[in-house]
Peer 1: 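Have a look at this one.
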Protein chains: 2
Amino acid sequence: MKQKNQSTVADPVPAKSEMDVLQILWQHGPSTVRFVHDILTEKKGNIQYTSTLKLMQTMTEKGLLMRDETNMKHIYSAVLEEKKTKGNALSKFLDNMYEGSVKSLMTALLGNEKTSPEELKVLEEMLHKLDKTK
Amino acid sequence: MKQKNQSTVADPVPAKSEMDVLQILWQHGPSTVRFVHDILTEKKGNIQYTSTLKLMQTMTEKGLLMRDETNMKHIYSAVLEEKKTKGNALSKFLDNMYEGSVKSLMTALLGNEKTSPEELKVLEEMLHKLDKTK
DNA sequence: TCTAAGGTACGATAAAAAACGTACGTTTAG
DNA sequence: CTAAACGTACGTTTTTTATCGTACCTTAGA
């Protein structure tokens with residue numbers, strides 16, 4: 001009886017652009033397309049307003065967003081919880097890239113330029129401890 | 001003079017399926033399509049052999065894989081280095097999901113079911129230290 | 001009142017990713 | 001020798017993402 005995986009295996013992770021939108025909504029709360037679009041535009045290159053609009057409409061159809069249509073300027077908000085969603089993405093990433101091993105992730109972090117010296121130092125200590133624990 | 005980002009910013013990350021193939025090649029070394037396909041099949045649902053074949057051929061065209069055609073059973077191998085490739089993916093993931101903050105990643109790990117009790121313990125300690133360091 | 005600015009709806013397109021199926025060459029067990 | 005098993009080549013199709021453009025409302029202000 002081969003079954004999928006009984007643990008919390010994570011609803012499909014939103015696509016990249018979708019995450020960008022969610023990110024903004026989580027950070028600023030319910031917003032108009034215009035608002036999201038402006039932030040998006042300044043973060044990434046110029047995008048057409050209608051592209052952002054369409055994206056958000058699609059996301060709404062998918063159930064990723066919900067919107068208040070009482071006013072002309074619809075107010076969109078994220079349906080998914082930030083923590084949970086990111087957690088799912090993280091799990092998937094871990095599985096895909098590091099066979100689910102947090103320790104492997106750590107090791108990778110150790111060689112990553114995104115990691116600051118301080119973080120690096122503590123990471124090393126951490127790995128030592130993990131080795132002993134094992 | 002807005003410029004991209006002079007630091008190692010990461011060649012485009014391979015797509016999901018491509019990563020799966022790379023994963024197998026890194027782990028088992030140069031292999032035939034058949035071999036990769038079998039592993040792939042057992043990990044994910046049933047896939048048509050030719051799909052895997054096509055994927056690997058395409059990847060070869062893209063320069064992700066190279067192959068030895070001296071024998072009928074072509075032997076494929078990964079061109080990219082595992083560590084580097086994963087490092088790039090990690091950087092991107094960090095940026096997209098945790099604004100590049102390793103600490104945030106840690107915190108997320110803390111609440112992730114993929115994290116074992118031992119790892120959890122050390123993670124907590126680590127975060128304490130990071131707080132002090134700041 | 002009429003118009004320009006700013007909204008939404010929605011069909012369309014483009015490109016990337018994921019999967020197939022058919023045609024055809026090679027090898028090997030009988 | 002020959003058929004079944006196993007391989008590769010490659011054109012195609014299906015989805016999913018990412019982006020647009022055009023048509024058409026709504027509202028505030030000259």
Side-chain angles (χ1 to χ4, degrees), chain A residues 10-25 30-77 85 89 92-93 96-97, chain B residues 10-25 30-77 80 85 89 92-93 96:
Chain A
D11 330 67
V13 175
K16 176 70 168 45
S17 301
E18 293 174 338
M19 272 309 283
D20 289 337
V21 170
L22 287 174
Q23 205 77 265
I24 295 173
L25 291 180
S31 321
T32 61
V33 173
R34 175 63 57 187
F35 182 79
V36 171
H37 177 67
D38 288 346
I39 295 189
L40 226 44
T41 285
E42 99 189 18
K43 262 190 198 168
K44 338 215 344 173
N46 283 330
I47 305 169
Q48 229 37 47
Y49 174 85
T50 53
S51 299
T52 304
L53 172 64
K54 183 66 166 187
L55 172 58
M56 292 177 72
Q57 283 173 338
T58 305
M59 289 176 70
T60 304
E61 281 174 15
K62 287 191 195 174
L64 288 178
L65 304 184
M66 58 189 303
R67 65 180 175 189
D68 173 355
E69 312 184 3
T70 56
N71 298 301
M72 182 177 70
K73 302 188 184 186
H74 297 176
I75 303 293
Y76 289 75
S77 46
T85 305
K92 209 162 214 174
F93 185 78
N96 288 341
M97 307 292 280
Chain B
D11 327 67
V13 175
K16 177 69 170 42
S17 301
E18 292 174 339
M19 272 309 281
D20 289 338
V21 170
L22 287 175
Q23 204 77 265
I24 295 173
L25 291 180
S31 321
T32 62
V33 172
R34 175 63 57 187
F35 182 79
V36 172
H37 177 67
D38 289 346
I39 297 188
L40 227 43
T41 284
E42 104 190 12
K43 260 188 200 169
K44 339 217 339 176
N46 283 330
I47 305 170
Q48 230 36 47
Y49 174 85
T50 52
S51 299
T52 305
L53 172 63
K54 183 66 167 188
L55 172 58
M56 292 176 72
Q57 286 173 337
T58 306
M59 288 175 71
T60 303
E61 282 173 15
K62 287 190 195 173
L64 288 178
L65 303 184
M66 55 189 307
R67 66 179 175 190
D68 173 356
E69 311 184 4
T70 57
N71 298 300
M72 182 176 72
K73 302 188 183 184
H74 297 175
I75 303 295
Y76 290 75
S77 45
L80 302 174
T85 305
K92 208 161 213 173
F93 185 77
N96 289 340

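Keep in mind the model is a prediction, meaning the values are calculated, not measured. Residue numbering restarts at 1 for every chain, and letters A, B, ... go by the order of the sequence lines.
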Peer 1: Ignoring backbone atoms, test whether A:Thr50 places a side-chain nitrogen or oxygen under 4.0 Å from the OP1 or OP2 oxygen of D:dC20.
Peer 2: no

Peer 1: It should be established whether B:Ser51 places a side-chain nitrogen or oxygen under 4.0 Å from OP1 or OP2 of nucleotide C:dA18.
Peer 2: no

Peer 1: Counting just side-chain N and O atoms, does A:Arg67 come under 4.0 Å of either OP1 or OP2 of C:dA9?
Peer 2: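 Checking A:Arg67 against C:dA9: at least one side-chain N or O falls below 4.0 Å of OP1 or OP2.
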
Peer 1: Side chain to side chain contact (heavy atoms under 4.5 Å, CB included), that's the test. Do B:Glu18 and B:Lys62 meet it? Break it down for me.
Peer 2: CA-CA 11 Å; B:Glu18 292 174 339; B:Lys62 287 190 195 173; 2.5 Å; yes

Peer 1: I want to check one thing: is the phosphate of D:dA9, taken as OP1 and OP2, less than 4.0 Å away from some side-chain N or O of B:Gln57?
Peer 2: yes

Peer 1: Is B:Lys73 near enough to D:dG7 that one of its side-chain N or O atoms lies under 4.0 angstrom from OP1 or OP2?
Peer 2: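 Yes, within the criterion.
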
Peer 1: Hey, is the side chain of B:Tyr49 poking within less than 4.0 Å of OP1 or OP2 on C:dC20, counting only N and O atoms?
Peer 2: no

Peer 1: Any side-chain N or O of A:Ser17 under 4.0 Å from OP1/OP2 of D:dA18?
Peer 2: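 For A:Ser17, the contact criterion (side-chain N or O under 4.0 Å from OP1 or OP2 of D:dA18) is met.
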
Peer 1: Identify, between B:Ile47 and A:Tyr76, the residue whose nearest nucleotide on DNA chain C lies closer to the 5' end.
Peer 2: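 With B:Ile47 and A:Tyr76 compared, the 5'-side residue is A:Tyr76.
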
Peer 1: When we call it a touch if two heavy atoms are under 4.0 Å apart, what does A:Lys54 touch: a base, just sugar-phosphate, or nothing?
Peer 2: base

Peer 1: For A:Lys43, is there an ion pair with A:Asp20 - N to carboxylate O distance below 4.0 angstrom?
Peer 2: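 Answer for the salt bridge query: no.
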
Peer 1: Starting at the 5' end of DNA chain D, which residue's closest nucleotide do you reach first, A:Pro14 or A:Met72?
Peer 2: A:Pro14

Peer 1: Assuming nearest nucleotide by heavy-atom distance, tell me which of B:Thr32 and A:Glu18 is located more 5' along DNA chain D.
Peer 2: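 Counting from the 5' end, the first nearest nucleotide belongs to B:Thr32.
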
Peer 1: Do the side-chain N or O atoms of A:Arg34 get closer than 4.0 angstrom to the phosphate oxygens (OP1, OP2) of C:dG6?
Peer 2: no

